[in-house]
Trainee: 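Have a look at this one.
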Amino acid sequence: MVSRIIPVSPFDLVIFGGTGDLARRKILPGLFRRYQAGQIAEGSRIIGAARGDFSDKSFRKFVSDAFDEFVAENKRDKKQIAEFLKMFHYVTVDAMGENGWKELAKLVRPDVVQAFYFSVGPSLFGELASRLHSHNIANAESRVVVEKPFGRDLETARTLNRDLAEHFDESQIYRIDHYLGKETVQNLMALRFANVLFEPLWNAQYVDHVQITAAETVGIGGRGAYYNKSGAMRDMVQNHLMQLLCLTAMEPPSHFDPDAVRDEKLKVIRSLDPVEDDDIVRGQYRKGVEGPSFLEEVDDENSKTECFVAMKVGIANWRWKGTPFYLRTGKRMKARMSEIVVTFKDIPHSIFDDDAGSKANVLTIRLQPDEGMDLSVTIKEPGPGGMRLIDVPLDMTFADAFGEEKAADVPDAYERLIMDVIRGNQTLFMRGDEVEAAWKWTDPIIKGWAERSQKPIAYDQGSAGPEDAMMLMHKDGRRWREIEEL
Ligand code: BG6
């Protein structure tokens with residue numbers, strides 16, 4: 001197969017927070033994988049900028065340690081790593097003061113693509129943006145990358161947008177939602193808009209309901225302080241699940257280009273119905289074999305923050321009125337499994353006997369693990385005798401379609417997104433108005449819980465969440481898909 005990987009021109013990438021956890025786990029290993037793929041041109045510079053006292057040499061050691069930990073052993077080619085490390089530099093920079101900015105200005109070249117990755121808390125976004133300009137480092141072509149959380153409500157998101165807009169045009173701002181970088185998420189767009197098969201059926205007339213699940217086995221771990229202020233609604237629903245919902249529900253954009261796609265997603269968010277309290281279940285995991293309870297992990301026995309949420313969402317437009325979208329996410333659940341499941345309606349009339357058996361068609365788009373798609377169709381059970389119907393999967397796991405090696409080599413979301421920044425492609429990034437619309441829909445829900453001082457329901461670790469979450473679907477005569485290891 002001919003590789004279609006296109007090397008990009010040399011660039012300067014400054015990672016503020018370059019010695020932080022995200023850099024270590026995702027950004028730096030992701031860059032190395034792209035280097036190995038031949039996408040990082042000779043002469044590029046990757047500059048770590050943080051408060052810590054590192055030299056180029058000790059930062060390169062930090063980077064190489066990160067590779068040891070987070071790059072697969074069979075990909076760690078010593079010679080390649082040594083070559084790649086030469087591209088790395090470090091500057092000690094004070095985001096809130098003047099230290100280090102002159103040194104940074106000397107390293108960042110005005111005549112190559114410049115990207116500034118703010119891998120720091122949102123309270124520093126405005127400071128960094130302003131200093132990059134006052135020190136004449138950034139220019140009208142520079143790109144700035146910001147991480148979530150992008151605010152904690154509409155007001156804070158607006159402030160962040162305003163702070164960034166003072167110094168950068170919207171076309172320069174890349175708001176990361178790493179779910180958009182996942183391979184299958186983009187495949188969802190290919191499935192919908194590169195095939196004639198699904199689009200005619202993709203509406204309330206033929207779709208009974210959609211389920212979107214992002215279940216994790218991990219707990220809160222060391223992130224208790226952040227998470228207790230955030231909760232699953234802010235941490236997962238307002239961004240990741242919302243983006244999956246948008247890509248599933250949006251109208252076909254006229255082109256696969258940034259604003260066409262983001263305009264359509266925005267329309268979906270603006271069409272979301274407010275959610276009734278009866279249509280949401282929140283949970284917190286109990287103490288279990290896997291570890292302490294949620295309350296112990298956040299070190300707050302009165303915490304009313306949720307680490308599980310399940311909800312029924314309606315979309316008020318012609319395409320989707322009457323087709324509910326059920327969203328669910330939680331920590332310390334039975335298995336790690338993220339998927340979008342589209343359940344089609346029953347056939348209008350069966351010509352077969354009642355006992356022949358037939359189920360609705362179900363399309364499953366698996367994000368992780370074991371990326372792929374699966375469409376269940378009803379056929380005749382082979383053999384003589386009566387007409388007996390069975391459901392069989394038309395399975396398209398990546399591993400089957402492209403081979404184990406290629407499936408195992410699917411780029412991590414961050415790799416793809418960082419290279420999109422360098423290429424200047426904003427399609428898989430959230431626009432400011434999109435983020436604000438998402439908060440506008442989320443805010444009243446969170447405010448309602450706070451006003452009622454509502455406490456989440458306890459659930460067992462290793463389960464599918466609180467029993468009430470099951471009831472959320474049962475009362476509509478539907479069932480959640482099993483959360484299970486694949
Ligand atoms: C992050 C959340 O954005 O996404 C985490 O802050 C969560 O709480 C993570 O664990 C899940 O990402 P993934 O790619 O492992 O599904």
Side-chain angles (χ1 to χ4, degrees), residues 11-17 22 27 49 93-98 101 104-105 108 110 112-181 230 234 238-240 242-243 246 253 257-270 417-418 420-443:
F11 59 85
D12 285 351
L13 168 67
V14 180
I15 310 171
F16 291 102
L22 183 73
I27 306 173
V93 168
D94 181 4
M96 309 285 282
E98 297 309 312
W101 290 92
L104 187 61
V108 181
V112 299
V113 169
Q114 304 176 338
F116 301 100
Y117 198 129
F118 293 0
S119 180
V120 295
S123 59
L124 296 180
F125 292 176
E127 299 283 345
L128 292 175
S130 135
R131 288 198 164 77
L132 281 170
H133 275 85
S134 61
H135 291 273
N136 284 325
I137 302 174
N139 57 43
E141 303 297 320
S142 313
R143 287 137 210 187
V144 45
V145 186
V146 294
E147 271 293 333
K148 71 177 266 273
F150 198 84
R152 50 175 289 105
D153 52 22
L154 177 59
E155 202 187 319
T156 48
R158 274 191 180 142
T159 308
L160 289 177
N161 275 336
R162 243 181 276 129
D163 287 351
L164 290 172
E166 260 187 53
H167 305 284
F168 294 99
D169 184 70
E170 182 61 35
S171 63
Q172 298 178 272
I173 304 172
Y174 291 72
R175 294 175 194 78
I176 288 212
D177 183 315
H178 78 278
Y179 266 55
L180 288 176
S230 161
R234 289 190 176 97
Q238 186 271 349
N239 35 72
H240 305 327
M242 174 74 81
Q243 290 296 324
C246 284
D257 80 29
D259 277 330
V261 171
R262 297 183 305 176
D263 284 348
E264 294 307 335
K265 287 196 289 163
L266 179 62
K267 282 188 218 161
V268 174
I269 304 175
R270 287 186 174 153
L417 295 175
I418 296 170
D420 277 356
V421 172
I422 305 296
R423 282 190 212 99
N425 183 347
Q426 288 184 305
T427 312
L428 299 176
F429 295 84
M430 295 178 296
R431 207 168 54 192
D433 51 2
E434 228 184 300
V435 182
E436 288 187 13
W439 280 123
K440 199 168 174 188
W441 177 77
T442 317
D443 276 2

Trainee: Hey, does Leu417 have a side-chain heavy atom less than 4.5 Å from the side chain of Leu428?
Mentor: yes
Trainee: What is the distance from atom CZ of Phe11 to atom CZ of Arg423, rounded to the nearest 0.5 Å?
Mentor: 10.5 Å
Trainee: Passes side-chain contact (heavy atoms from CB on, under 4.5 Å), Ser119 versus Ile27? Steps please.
Mentor: CA-CA 9 Å; Ser119 180; Ile27 306 173; 4.0 Å; yes
Trainee: With ring-ring contact (aromatic ring centres under 6.0 Å, His included) as the rule and sequence neighbours excluded, what pairs involving residues 424-443 come up?
Mentor: Tyr174-Phe429
Trainee: Any heavy-atom pair between the side chains of Lys265 and Leu180 that's under 4.5 Å?
Mentor: yes
Trainee: Under the salt bridge (charged side-chain N to carboxylate O under 4.0 Å, His left out) rule, collect the residues that match up with Asp443, sequence neighbours excluded.
Mentor: none
Trainee: For the pair Tyr117 and Ile418, evaluate side-chain contact (heavy atoms from CB on, under 4.5 Å) and give the outcome as yes or no after the intermediate values.
Mentor: CA-CA 9 Å; Tyr117 198 129; Ile418 296 170; 4.2 Å; yes
Trainee: Hey, are Gln426 and Glu170 close enough side-chain-wise for a donor-acceptor pair under 3.5 Å?
Mentor: no
Trainee: If every non-hydrogen atom of Ala115 is compared with every non-hydrogen atom of Ile422, which pair is closest and at what distance?
Mentor: CB-CD1, 4.1 Å
Trainee: Which atom names give the shortest non-hydrogen contact between Cys246 and Ile269, and what distance separates them?
Mentor: SG-CG1, 3.4 Å
Trainee: Write down the atom of Ala438, the atom of Gln238, and the distance for their closest heavy-atom approach.
Mentor: CB-NE2, 3.5 Å
Trainee: Given the rule in the side-chain contact (heavy atoms from CB on, under 4.5 Å) test, do Val14 and Gln114 qualify, once you have shown the distances and angles that lead to the verdict?
Mentor: CA-CA 8 Å; Val14 180; Gln114 304 176 338; over 6 Å; no
Trainee: Could you pull out all residues at least two apart from Arg158 that satisfy salt bridge (charged side-chain N to carboxylate O under 4.0 Å, His left out)?
Mentor: Glu436
Trainee: For the residue pair Leu104 and Phe16, establish whether any side-chain heavy-atom pair is separated by less than 4.5 Å.
Mentor: yes
Trainee: Of the non-hydrogen atoms in Val93 and Ala49, which two are nearest, and what is the gap between them?
Mentor: CG2-CB, 4.2 Å
Trainee: Checking Asp163 now: which residues fulfil salt bridge (charged side-chain N to carboxylate O under 4.0 Å, His left out) with it, not counting sequence neighbours?
Mentor: none
Trainee: Going by ring-ring contact (aromatic ring centres under 6.0 Å, His included), name the residues that satisfy it together with His135, two or more places apart in sequence or in a different chain.
Mentor: Trp101
Trainee: Could you give the distance from CG (Leu128) to CZ (Phe116), rounded to the nearest 0.5 Å?
Mentor: 10.5 Å
Trainee: Hey, does Met430 have a side-chain heavy atom less than 4.5 Å from the side chain of Gln243?
Mentor: yes
Trainee: Taking all heavy atoms of Pro258 and all of Asn425, pick out the closest pair and write down the distance.
Mentor: CG-OD1, 3.9 Å
Trainee: Looking at Asp433 and Arg262, is any side-chain nitrogen of the basic one under 4.0 Å from a carboxylate oxygen of the acidic one?
Mentor: no
Trainee: Got a sec, which pairs hit salt bridge (Lys or Arg N to Asp or Glu O under 4.0 Å) with one end in residues 134-157, sequence neighbours left out?
Mentor: Lys148-Asp235
Trainee: Considering only heavy atoms from C-beta outward, does the side chain of Phe118 approach that of Leu124 to under 4.5 Å?
Mentor: no
Trainee: List for me each residue that meets side chain to side chain contact (heavy atoms under 4.5 Å, CB included) alongside Ala260, sequence neighbours excluded, and say none if there are none.
Mentor: Pro253, Ser254, Asp257
Trainee: For Asp12, what residues pass the salt bridge (charged side-chain N to carboxylate O under 4.0 Å, His left out) criterion, not counting sequence neighbours?
Mentor: Arg109
Trainee: With His240, which residues qualify under side-chain hydrogen bond (donor to acceptor under 3.5 Å, both in side chains), at least two apart?
Mentor: Asp177
Trainee: With sequence neighbours left out, what residues match Lys440 under side-chain hydrogen bond (donor to acceptor under 3.5 Å, both in side chains)?
Mentor: none
Trainee: Sort and list the pairs that fulfil salt bridge (Lys or Arg N to Asp or Glu O under 4.0 Å) and have at least one residue in residues 112-131, not counting sequence neighbours.
Mentor: Glu98-Arg131, Glu127-Arg131
Trainee: Check whether any side-chain heavy atom of Ile176 lies under 4.5 Å from a side-chain heavy atom of Phe150, and answer yes or no.
Mentor: no
Trainee: Decide whether Asn239 and Arg175 meet the rule of one side-chain donor and one side-chain acceptor closer than 3.5 Å.
Mentor: no
Trainee: Listed by chain and number, what are the side-chain hydrogen bond (donor to acceptor under 3.5 Å, both in side chains) partners of Asp94, not counting sequence neighbours?
Mentor: none
